[in-house]
Every structure is written in C-alpha cells, then in structure tokens.
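The basis for the numbers below is simple: all heavy atoms, side chains too, and nothing from hydrogens, waters or symmetry mates. We name chains A, B, ... by the order of the sequence lines, and we start the count at 1 in each one.
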Amino acid sequence: MLSLVTFVRTCTFNPASTCFSLHRFLSSAANSFATNFDDVPFHSFTNIDATKRLHALLVVSGKSQNVLLSTKLVNLYASLGHVSLSRSTFNHIKRKNIYTWNSMISAFVRSGGYREALICVSDLLSMSGGRQRPDFYTFPPALKACECLLDGRKLHCCVVKMGFEEDVFVGASLIHLYSRFADLGVAYKVFVGMSVRDVGSWNAMISGFCQNGNAAEALRVLSKMRVEGLKMDKVTVSSILPVCAQSNDIVSGLLIHLYVIKHGLEADVFVSNALINMYSKFGRIRDAQRVFDDMKMRDLVSWNSVIAAYEQNSDPVTALGYFKEMQFVGIRPDLLTVVSLASIFGQLSDQMISRSVHGFVIRHEWLNRDVVIGNALVNMYAKLGAMDFARKVFEQLPSRDIVSWNTLITGYAQNGLASEAIDAYNMMEESHKIIPNQGTWVSILPAYSHLGALQLGMKIHGRLIKNSLYLDVFVATCLIDMYGKCGRLDSAMSLFYEIPRETSVPWNAIISCLGIHGHGEESLQLFKDMLAEGVKADHITFVSLLSACSHSGLVDEGQWCFDMMQKEYGIKPSLKHYGCMVDLLGRAGYLEKAYNLVSNMPVRPDASIWGALLGACRIHGNVELGTFASNRLLEVDSDNVGYYVLLSNMYANVGKWEGVLKVRSLARDRGLRKTPGWSSVVVGSIIEVFYTGNQTHPKCTEIYNELRVLTSKMKSLGYVPDYSFVLQDVEEDEKEQILTSHSERLAIAFGIISTPPRSPIRIFKNLRVCGDCHNATKYISRITERDIVVRDSNRFHHFKDGICSCGDYW
DNA sequence: CTAGGGTTAG
C-alpha cells in the first residue's frame, strides 16, 4: 500500500493541462484499487517515467486488458518517442479493436518504422473472420509507409474494394503517394476523381507538382483552386514558395509574402522557413534576415536556412556567426548544417577547420547516410584548391551521383586543370551508370573552352540540340563562351540570337567574346541593345565591357562605362574593374591617369593592377613609373616569371641594357617558379600539344628545320630577335635558340608542315604570347601567306599579311 | 481516442 502512495506522490504531469481530474483520480487511487481511469487525461502526460507508473497502475488495477485504456497507452508511449514500449503494450492486448490497430500503425509511421507499419497493416488485412476491418483512419498512415510503388498500388486496391476512395484524407494520401513515385498521371487521376475536395486535397496535388519540378502545372492547379473559392492555407503557401524561387518569379513570391502577413500565417515555422529560403534564392538576403528576425519560434530548419542563405550569398563570415548562435541557443546541428559548414570553410579557405569538418563527418559515419555530405566535402576541397584531397574523398564515396561527378569536374576546371576535368568527364561517360545533366555541361564546356577543344565542344552541342537543353540559359552561355574562345565568333553570335536573353548572363558572355576578338565597337553596340531590351547590367557585364574597351583601345567609351557603372547602377568597382581601367588608360598612353587611378583606389591594389601598369609602361617606355610599378608588384607577387619578362623587355626597349641584366640576375636569384608554357594546334581532328623546348615530338627534326628556314627568310625581311624576352643568362646564339623553341613557335611550324599551303592555322597558348613570337608570327603570316590565329590567355590575335588585329597591343 | 497535404542541400 505504501508503495502505491509513493507512486501517486511522485507522479509528474503537465501542470498547464487540465489536471484537476488527475488530482482527484490520484487521491482516490491512493485509497482504493477500484479505480476509474476514464477521467485520466492521457495527453497531459509529458514524462516517460510518469507514463510508466501510470502503466504500472493499470496493471495493478487489473485494467491492462481494457482495450480503450491500453490503446491510449500505445498512443502515449508513441507520442513520447518510445515506440518499442508502444509495441510491447500492443502485443499484450488480447482483444484488439480497429482503434488499437490504427494507433499501432500510426505509431510506427510517426517514428519512421515503415517496414513494421506495413507488416502490421498486412497482419490486420489477413485477419480471419473479418471482424477487424480497416477503416478510413487506417489508410493515410499505411499509404505513407509505402516505400515502393507496388505496395502503394496494393493498398490502393484495398481502398477501392472497401469503398474508402471518397474520403478526403485517404484521397490526399493517395495523391501524395503517386507524386512521391513521380507517377503524376495517376495522382492527377485520383485528384480529378474526387467528388469532394478540401484544401488538403488541393495541397497534395499542388505539392505533387512542386516536388516533381513542374512549376507551371503547380501554379495552374493553384489558380484553379482559388477560382473555386478556396483560400491558401499555411501548407499551400509553404509548398508554393519554393516554386516561385525555382521559376524566378519574384513578383509572385512578394505577393504571397503579403498574403502571409494579411492572414497571419507567418507564425507557422514552415511558412517562415520557406520565406527565408525563397528570399535567399533571389539574393535578397536582407529580406531573408528580416523574416528570420521576426520569428517567435525557430527550429533546426530555420537555423539551417539562415546559415545556408548567407553561405550561398557569399557571406561565409555572417553564416558562421549564425552557426555559433545556433549552438549557443542549444540547437544541435544536423547533416544539412554540416553541408553548409563545409561550403563556408571552403569559401574562407580555412585549411585547418576544413579538415576538421571532414573528420567530424567521418566520425559520425555520415558519408553513408547521404551522398550530399560527401559531395559537399569534395566541393570544399576543390574550393581550397586541394584537388588531390577532393579526388581522394571522391574516390572513397560509398556512392556517387551526378552531382558528385559534376563537383569533381568543376573543381578541376576552376583550378585550371582542364585536361583532368576532361578525363573525369570521360571516366563518367565510360561508367555508363550516370546520365549527365545541366550541371555536367556547365562544368565540362568551360574546360573545352580553356583548351580550345572546338570539336569536342561541338559534339556536346549536337547532343544538346537533341534534347533542347541548348536553350537553357546557363548551358547556352557556356556554348557561346566555348565558340567564342575557340575562335568561332560567328557561331557564338548566331547561338546568342537563338536563345532566351532576358537575363544578363548570355549578354555578358557575348560581350566578352566580342571583346577578346578585338571587336570593341560591337561589344558596346550589344551593350546598348541589352539596355534597350530592358535587361539589367550587373558587375560582370561591366568587366566584360571594360575589358572589351581596353582590348580595342576605346578610352572615352571605357571611361563612360566606368562612370555609368558607379553612378547609374551603384556598383562599387572591384579589383577586376580597376584592372581593366588601368590597362585601358595605360595602354592608350594616359600613364598619369592610370597611376592616379591606382593611387586613389579604395581597395589595396593586387598583382594584376601593378602588372597592368607595368605592361603599359613597357609599351610607352616609361622606365621611371615602370620601375616603381615593378617594385610594388614584386612586393605582392615575386614568383610570376611573366612580370620579370615584362620588366626586362621594358628596359630593352629603351636601350637600358644594365636594367635587363639586373632583372636577369634578380630572376635567377629568386629561382623563378615558372608555369610551364604550352601551345596546341589542331591538325585535322587531332590536337597536338607542344611544351617550350620540346625535343621529343616524332616530327621534331622537321619542325626545327622549318623554323630555321623561316628565321632566315624573316631576317631578310627585317626581323631582329628581341632577346629581352629571354631571362636566362646565356650567349646570344643560345638566346636565339631559346626564342625559336618557344611552344607557340613549335606549334606554328608543325601547323605549317602538316597542312596544305595557305590554309589557316589556329594556335592556343596557355600563357600570354611572347612579344618576340608575336613579332615573328607577323613575318610568318606574310611569308607563308597564311592566316594565323593565336588565342592566348588574354585574347585573340589574328595575323594576316604581316599585320596583327591587336595593333601590337599584346 | 486514431488520419492527409508543407520548409533546408552539393
């Protein structure tokens, strides 16, 4: 008796709920075993120990076979997250009714035990006598538990046989089921067949279309729903918001936000989370922030969303701040949080912490849980420039999907490893297991552009025409870029006019293409067309435009763009913009203006800025400013051999030979880290690659013979080798030998001996073309009567009849 | 007493 009294005293319950009856019950229970449990408010138990004591009391009172009470206990255990206790309680009930079965099934479903739920359902269905027939409470959870379409179809048959298909709850579950397995035809048939539909039915259909990426159909159903006089509720709103982001429909998004405010739906976490995500996708980080700030209740998804919002809008520092705050308020990060973290540390290029994120993922064995996290790690190492690590993670992934491959390929391409990117792509194709998607094309095409692999690029273009993916703005832009960088400006232009061009993306590409081909005026014209069509220019547009102006020496126009960018668009110039302007002003001879621009920059000039100034000083022979620029330059980046070459050539141009010698010894002392120079030339369908000084090519002898013949002809026409491009401290004849074995010259010579007379030659060089080779190529184009097109890392040079299209502004 | 439809990803 005493133990029972103790039991009663220690029984905890939720004081906020209706506890008066519980009090009464407990005090009477203390005096008698003949207890009436009817008044016990089961739902007010929030504590597992109290529940266990209640269970014990039931047993002691001999009520454990009372179906109603035991079933309530099944539900109570489930709601406290103890499904195994639900199950054992369930198993002890001898005469189960349908309420008992339904409770057990939904308990399994709520805890994710789909297998167990389905076993339970089939036990119920196979019970003989048919006294326990499923009712319409049985099917919604049962349908949710189906992990394959076959199970779902079987249940659908039962639903029809038993005449429950008219129930709105069952109907919504069926629509949801078929949508999950992407069978939208059947889902829609169920939807249309329903004679009564509530908001839930409409929501099921709309979200079915949303989650299968069919935004248009989702919006169509939504508008039909509103025509029928039904109002959107919180569920409708949270399904439709991601669609607005996906279809780039900011107006609908804003209207829905207004609707949310008007109907007080923002109190719902799902709705607010969806709003944060939508604003984040539109880049409206301030709006996302405001929604987050106004939330009274925030869950894990809210925090993940705000962290991802900043991470995806390139503000890793703020994102990290929110991560710390999230930990501070006691919310435990999950897999998706870590996915964002990986990207954050990649963006911060923090090697140490990135490694520890990797360690964390391995310790939790999360690589087996979801490919996304593995892909995030590959991406993280790629952003750190550690492609060997990225590769290792990639190879150890338990499973790889299309995104894994795309991430690897993009990583190689963006770290300048184009041929590794192509190898990875080929490996993917050879596996025959993965179907490439949009992301694949936007990762592989830039690698082709980089190497000038026109044939391979065209092969992809052909494939894309078959499935119309070439109309996708991002894919098409990559194709435009590929054609432009492979020298097919005409193809780039005609493709540009074929595709949708409401966004700045394709315009930026075509403006840049025209620029690198030296067609500055046309770049400007396209910019004006762009504005006339109402397309808004962005910071990338101005990089393309300014560099086009600088390639063509359009000083006033460039200045106009630079001013307009700041005044009309409120874009603060970045280092790239300043680089273009310094280049533009400097090369046109306005060295003082260029210098003033550099000294008044609000950001610290980097190597590219000083390099541009030095290049301009070289052209105009301003040794004083050039020396100053090179001193600053070597403070920021003393490893790049290209700058020493520029400096040496500058001294040589004004006859300051002691300067040339000084640069040479400086270069020697610093033990220059040289990027190996290579050039390629296309002969037939074969791409031949030559490295500087290559002696191992099968046609080596013929190539050097051809060069010897050419050099003597060139000399008779007035060519004088410019040794200031050679930094090695060697004898004159050896310097000439070095110039002659530059990769671009080998490639040109190979092109000449391997193609019919007077046919054009296309060369690609990974670095800037050497000044002496540039001069030599002019002579070669005249001697051989060939058009020679050289694409270097900066622009195109069209050599024809002894003249270069760049006007010697190389 | 038991049920449906919703938000985050590389």
Side-chain angles (χ1 to χ4, degrees), chain A residues 42-43 67-76 78-79 97-107 109-110 134-144 164 167-177 179-180 191 197-208 210-211 232-242 245 265 268-278 280-281 299-309 311-312 334-340 342-343 346 370-380 382-383 401-408 410-411 439:
Chain A
F42 275 69
H43 55 270
V67 190
L68 184 66
L69 292 174
S70 314
T71 305
K72 282 187 180 179
L73 210 51
V74 170
N75 283 318
L76 185 51
S79 69
N97 64 17
I98 188 60
Y99 167 40
T100 321
W101 284 96
N102 289 345
S103 300
M104 193 63 243
I105 293 167
S106 70
V109 171
R110 269 188 285 165
D135 63 3
F136 42 66
Y137 283 107
T138 314
F139 287 102
L143 288 165
K144 194 175 179 179
F164 295 133
D167 184 78
V168 276
F169 282 70
V170 176
S173 300
L174 281 170
I175 295 168
H176 179 65
L177 169 92
S179 306
R180 254 166 61 208
F191 176 73
R197 296 188 202 105
D198 69 353
V199 200
S201 334
W202 288 91
N203 287 344
M205 196 63 247
I206 292 169
S207 72
C210 294
Q211 278 157 10
M232 298 196 290
D233 69 356
K234 54 192 178 163
V235 179
T236 328
V237 166
S238 34
S239 347
I240 209 74
L241 280 173
L265 298 178
D268 187 80
V269 272
F270 280 82
V271 170
S272 285
N273 293 346
L275 281 170
I276 296 173
N277 287 303
M278 178 197 71
S280 157
K281 295 242 166 68
D299 65 0
L300 176 60
V301 178
S302 321
W303 287 96
N304 281 350
S305 301
V306 78
I307 292 169
E311 173 254 305
Q312 282 159 16
D334 71 347
L335 191 136
L336 261 61
T337 323
V338 178
V339 166
S340 289
S343 174
D370 199 327
V371 265
V372 204
I373 186 72
N375 297 344
L377 291 179
V378 174
N379 184 44
M380 177 185 80
K383 282 207 189 108
D401 66 358
I402 182 62
V403 182
S404 323
W405 286 97
N406 294 350
T407 310
L408 186 74
T410 310

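Using a 4.0 Å heavy-atom cutoff across all strands shown, A:Val237 reaches no nucleic acid atom at all. When heavy atoms are screened at a 4.0 angstrom cut-off, A:Val199 is found touching base atoms of the nucleic acid. Nucleic acid contact class of A:Val168 (heavy atoms, under 4.0 Å, all strands): base. Nucleic acid contact class of A:Val339 (heavy atoms, under 4.0 Å, all strands): sugar-phosphate only. Nucleic acid contact class of A:Asn277 (heavy atoms, under 4.0 Å, all strands): sugar-phosphate only. Using a 4.0 Å heavy-atom criterion, one finds that A:Ser201 contacts the bases of the nucleic acid, with or without backbone contacts as well. Using a 4.0 Å heavy-atom distance criterion, A:Ser239 is classed as a sugar-phosphate-only contact. Residue-level contact check: A:Asp198 touches the bases, meaning some heavy atom is under 4.0 Å from a base atom.
Judged by distance alone, with hydrogens and angles left aside, the side-chain atoms of A:Asp198 form a donor-acceptor pair with the main-chain N or O of A:Ser201 at under 3.5 Å. Using modelled atom types, one side-chain atom of A:Ser238 and one backbone atom of A:Lys234 make a donor-acceptor pair closer than 3.5 Å.
For A:Lys281, no side-chain nitrogen or oxygen approaches OP1 or OP2 of B:dT7 to under 4.0 Å. Between A:Ser106 and the phosphate of B:dT2, there is no side-chain N or O to OP1/OP2 separation shorter than 4.0 Å. Distances shown here put a side-chain N or O of A:Gln211 below 4.0 Å from the OP1 or OP2 atom of B:dG6.
Between the CG atom of A:Asp370 and the C1' atom of B:dT8 there is a distance of 12 Å, given to the nearest Å. Going from atom CG of A:Asp299 over to atom C1' of B:dT7 covers 8 Å, rounded to whole Å. The distance between atom CG of A:Asp167 and atom C1' of B:dA3, rounded to the nearest whole Å, is 8 Å. The nearest whole Å value for the distance from the CD1 atom in A:Ile105 to the P atom in B:dT2 is 15 Å. When the P atom of B:dG5 is taken as reference, atom NE2 of A:His176 falls 5 Å away, rounded to whole Å. Put simply, CZ on A:Arg180 is 13 Å from C1' on B:dG5, counting in whole angstrom units. Atom-to-atom, CG of A:Asn304 to P of B:dT8 comes out at 11 Å; the value is rounded to the nearest Å. Rounded to an integer number of Å, the gap from CZ of A:Phe139 to C1' of B:dG5 is 19 Å.
With sequence neighbours excluded, the residues that form a side chain to side chain donor-acceptor pair (under 3.5 Å) with A:Ser404 are A:Asn375, A:Asp401. A:Ser305 is linked by a side chain to side chain donor-acceptor pair (under 3.5 Å) to A:Asn277, counting only residues two or more places apart in sequence or in another chain.
Stacking annotation: A:Phe270 is stacked on the base of B:dG6 (ring centroids less than 5.5 angstrom apart, interplanar angle below 30 degrees).
Relative to the side chain of A:Leu336, the nucleotides B:dT8, B:dT2, B:dG5 differ in distance, and B:dT8 lies closest. Residue A:Pro141 places its side chain closer to B:dA3 than to any other of B:dA9, B:dA3, B:dG6. Set against B:dA9, B:dT8, B:dG6, the side chain of A:Gln312 has B:dA9 as its closest nucleotide. With B:dA9, B:dT8, B:dA3 as the choices, the nucleotide that has an atom nearest any side-chain atom of A:Val301 turns out to be B:dT8.
Judged by distance alone with a 3.5 Å cut-off, a donor-acceptor contact links the side chain of A:Asp268 to the base of B:dG6. At a cut-off of 3.5 angstrom, counting only N and O atoms as typed in the model, there is no donor on one side facing an acceptor on the other between the side-chain of A:Asn273 and the base of B:dG6.
The shortest heavy-atom contact between A:Pro134 and A:Ile98 is CA-CD1, 3.7 Å. The heavy-atom pair separating A:Ala172 from A:Gly200 by the smallest distance is CB-O, 4.1 Å.
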